[in-house]
Amino acid sequence: MNLEPPRGMRDFFPEDMIIRNWIFDIWRKCAERSAFQQYDVCVVENRELFIRKAGEEVVDQIYAFEDKSNRELALRPEMTPSLARLIISKGRALPLPAKWFGIFQCFRYERTVRGRKREHYQWNLDIVGEKEVSAEAEVLRTCLSSIEAFGLSSDIVKVRIGSRQLLQELLEKLSFNQNHFMDACMVLDKKGKVSDDVLKDLLVEKDVSTEDIDKLFKVLEINSIEDAEKIVGDSSTALNDIIRLLTLMDASGFKDYFVFDVAVIRGLAYYTGIVFEAFDVKGRHRAIFGGGRYDKLLESLGGESQPCVGLGFGDVVIYELLKDENLLPVEKSSVDLMIAYMDESSELLAVKAASLCRKNGINVSLGLQSQKPKKIFTNANKIGSKFVFLIGSKEAELNSGNLKDLNSGDQEVILVTDLSQKVKESLEKQ
RNA sequence: GCGGGUGUAGCUCAGUUGGUUAGAGCGUCUGAUUGUGGUUCAGAAGGUCGUGGGUUCGAUCCCCACCACUCGCCCCA
């Protein structure tokens, strides 16, 4: 019997959950601070929801199965189709713009490598119904607030920002053969991953003319917004959107994160405007988060057309980055107080004390059997409890116990009825 | 999908040029201390040597396949 989880799947032991909850809490708090509303969707979807959008190629990567009534189902590989489904089904009853978020487990059957498993949790932020670039700005500033909450900064993380629309304009201005636009996108996406000679070979294979290849490389040389402006002019909406977005990010205090990169393309399938991808500066990891504008997706699924902006932020890469940067939190216990007793005759008093404290909002670990003090204190240390309330036969006779502060070592005998008040006061002081 | 590396106690790793009872540190448990933890000391438990097959008198060690992890490609985001 193999007791390991299937390939690419993870288990979370209690000590792992401390870290996972810490990450999820930061995501949730940042989303709520920016007034995003949480939603949730079923993990299992009708398979066709993904096939329609993703096309034939990705079908093999979907965990798909038939139920006992021969329904074709799938574990979701990503959230955007499910979000679109909800938005469409809500119809006009949904006040726009809608700012929604969630943390979702997604599945993909693919080769596992560092930073990429067959299952991961993903924080999704989406704004539906806002065509202005202010939507991109809101999503990004919310996301970057989490980056800073993790303890990261623009010294470690950069966001490459590009625009598919701008790329198209650039190539149009250079009279690039638009029939090869998709080929150009594919090649641009490989910039930096393979040598320029290989890029050229790839383009030749696609029957791109020598002239067009030169044009494409001219676009690749664009390193700044000014360079782009020289080609598309100052009236380009695509370029002005990027400029405006950067202005908004500057006003939000996040300017230093952004790097203009004409070669950022991302999902060719449904991104229509600005796209972005965050990477660690040292280049050790895969993309930390990524997203962009997808104005055509809803209508492609049969819904009313709505402008949308969204991003996905996975838990696997950020975990590895935080580990590398030594920013993961030290395991911190949530237990405030351990209540234990030395004689069976004191059990009911201990139970009563625990119930009172729990009603008053104190996290209590109650001993499940009578134990020797040595064992009690050892256990209290292990679970990280801040206080121990120890009831012996002498104290029990007076409805009291011995309250010990494990940090200072101070202890005093107090009444069970005074326990919760006493502990609360001490916790507030810390 | 292709190629390299790794797999020995719960964890990090030694080791065996193929030979009886496979080791250490950390962790766990017990005791010193039968009403007081973190330190110290003593002791104990814990191993199909990743799985299966082959070669051999004998395999944890050599060979093959598979599984898992990992690095680099391919593909993809």
Side-chain angles (χ1 to χ4, degrees), chain A residues 1-11 13-16 50 53-62 77-80 106-118 120 122 160 164 185-186 188-190 193-195 198 202 264-271 275-279 284-292 294 310-314 316-317 320 333 335 338 340-343 346 365 367 370-397 400-413:
Chain A
M1 187 71 186
N2 180 8
L3 297 179
E4 288 172 15
R7 183 171 196 166
M9 303 290 169
R10 293 172 294 171
D11 295 320
F13 286 95
E15 57 269 30
D16 304 318
F50 304 111
K53 189 199 141 267
E56 301 294 318
E57 269 268 301
V58 192
V59 172
D60 293 336
Q61 288 193 344
I62 293 179
E78 58 163 329
M79 284 314 296
T80 315
C106 297
F107 302 84
R108 272 190 193 182
Y109 188 88
E110 58 186 339
R111 191 80 184 164
T112 56
V113 289
R114 180 174 152 88
R116 194 165 198 172
K117 310 201 174 284
R118 289 182 173 175
H120 77 300
Q122 189 175 304
R160 288 187 201 136
R164 193 181 161 194
C185 287
M186 281 181 57
L188 279 177
D189 196 39
K190 288 187 171 55
K193 295 176 187 170
V194 291
S195 72
V198 175
L202 285 170
V264 172
I265 300 300
R266 280 192 73 78
L268 297 172
Y270 51 81
Y271 285 118
V275 284
F276 48 84
E277 258 180 346
F279 287 90
R284 291 208 58 225
H285 301 274
R286 290 168 176 278
I288 300 165
F289 64 82
Y294 51 100
L311 71 77
F313 190 151
V316 179
V317 173
E320 282 168 0
S333 169
V335 180
M338 169 173 271
Y341 51 98
M342 285 180 270
D343 309 281
S346 309
S365 170
S370 61
Q371 283 172 322
K372 295 174 185 175
K374 180 189 168 78
K375 184 101 174 168
I376 290 166
F377 284 99
T378 305
N379 285 342
N381 269 330
K382 264 181 223 159
I383 64 172
S385 179
K386 300 174 189 78
F387 296 90
V388 168
F389 188 63
L390 181 57
I391 302 174
S393 52
K394 291 176 203 164
E395 292 89 351
E397 283 172 22
S400 62
N402 193 358
L403 178 65
K404 182 168 185 175
D405 181 332
L406 286 184
N407 271 330
S408 64
D410 298 340
Q411 54 184 329
E412 61 176 323
V413 175

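Sequence lines set the chain letters: A, B, ... in the order given, protein chains first and strands last, and positions in each chain run from 1. Since this is a predicted model, take the numbers as computed values, not measurements.
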If the C1' atom of B/rC61 is compared with that of B/rG15, how far apart are they to the nearest Å?
10 Å
Using a 4.0 Å cut-off on protein heavy atoms (strictly under), produce a 5'-to-3' string for nucleotides 30-46 of chain B with B for base contact, S for backbone-only sugar-phosphate contact, and - for none.
S----BBBB--------
Using the P atom as the reference point in each nucleotide, state the distance between B/rA65 and B/rG25 in Å, no decimals.
39 Å
Between A/His120 and A/Arg10, which heavy-atom pair has the shortest distance, and what is it?
CA-NH2, 3.5 Å
Separation of B/rC67 atom C1' from A/Arg118 atom CZ, nearest Å, is 12 Å
Does a nitrogen or oxygen in the side chain of A/Arg7 sit under 4.0 Å from OP1 or OP2 of B/rC69?
yes
Provide the distance between the two C1' atoms, one in B/rG43 and one in B/rU6, to the nearest whole Å.
35 Å
Can you check the A/Phe289 CZ to B/rA77 C1' distance for me, whole Å?
15 Å
If the C1' atom of B/rC26 is compared with that of B/rC67, how far apart are they to the nearest Å?
29 Å
In the strands shown, is B/rC69 matched to any nucleotide by a Watson-Crick or G-U wobble pair with both distances under 3.5 Å, and which?
B/rG5
Who passes salt bridge (Lys or Arg N to Asp or Glu O under 4.0 Å) against A/Arg116, sequence neighbours left out?
A/Glu110
If you look at every heavy atom in A/Asp16 and A/Asp11, which pair is closest and at what distance?
OD2-O, 4.0 Å
Smallest heavy-atom separation, A/Asn402 atom then A/Gln411 atom, equals ND2-OE1, 2.8 Å
Of all heavy-atom pairs linking A/Gln371 and A/Asn379, the shortest is NE2-ND2, 3.9 Å
What is the distance, to the nearest angstrom, from the CD atom on A/Glu78 to the C1' atom on B/rA77?
9 Å
Between atom NE2 in A/His285 and atom P in B/rC71, what is the gap in whole Å?
10 Å
So A/Lys404 and A/Leu390, do their side chains get closer than 4.5 Å, heavy atoms only?
no
Nearest-Å distance, CZ (A/Phe107) to C1' (B/rA77)?
18 Å
Suppose you measure atom P in B/rG37 against the same atom in B/rU48; what distance do you get, rounded to whole Å?
36 Å
Looking only at atom C1', what distance separates B/rG58 and B/rU16, rounded to whole Å?
14 Å
In whole Å, what is the span from the CZ atom of A/Phe50 to the C1' atom of B/rA77?
16 Å
Backbone of A/Tyr341 reached by a side-chain donor or acceptor of A/Ser346 within 3.5 Å
no
Pick the nucleotide of RNA chain B nearest each of A/Ala287 and A/Arg114; which residue has the one closer to the 5' end?
A/Arg114
When the C1' atoms of B/rA22 and B/rA9 are considered, how many whole Å apart are they?
11 Å
Check: A/Gly392 main-chain N/O paired with A/Glu395 side-chain donor or acceptor under 3.5 Å:
yes
Applying a 4.0 Å non-hydrogen cut-off, can you work out what A/Gly8 is touching in the nucleic acid: base, sugar-phosphate, or nothing?
sugar-phosphate
Candidates B/rC76, B/rC2, B/rA68 - which lies nearest the side chain of A/Arg111
B/rC2
When the C1' atoms of B/rC13 and B/rU8 are considered, how many whole Å apart are they?
9 Å
Distance, rounded to the nearest Å, where A/Arg116 contributes CZ and B/rC73 contributes C1':
14 Å
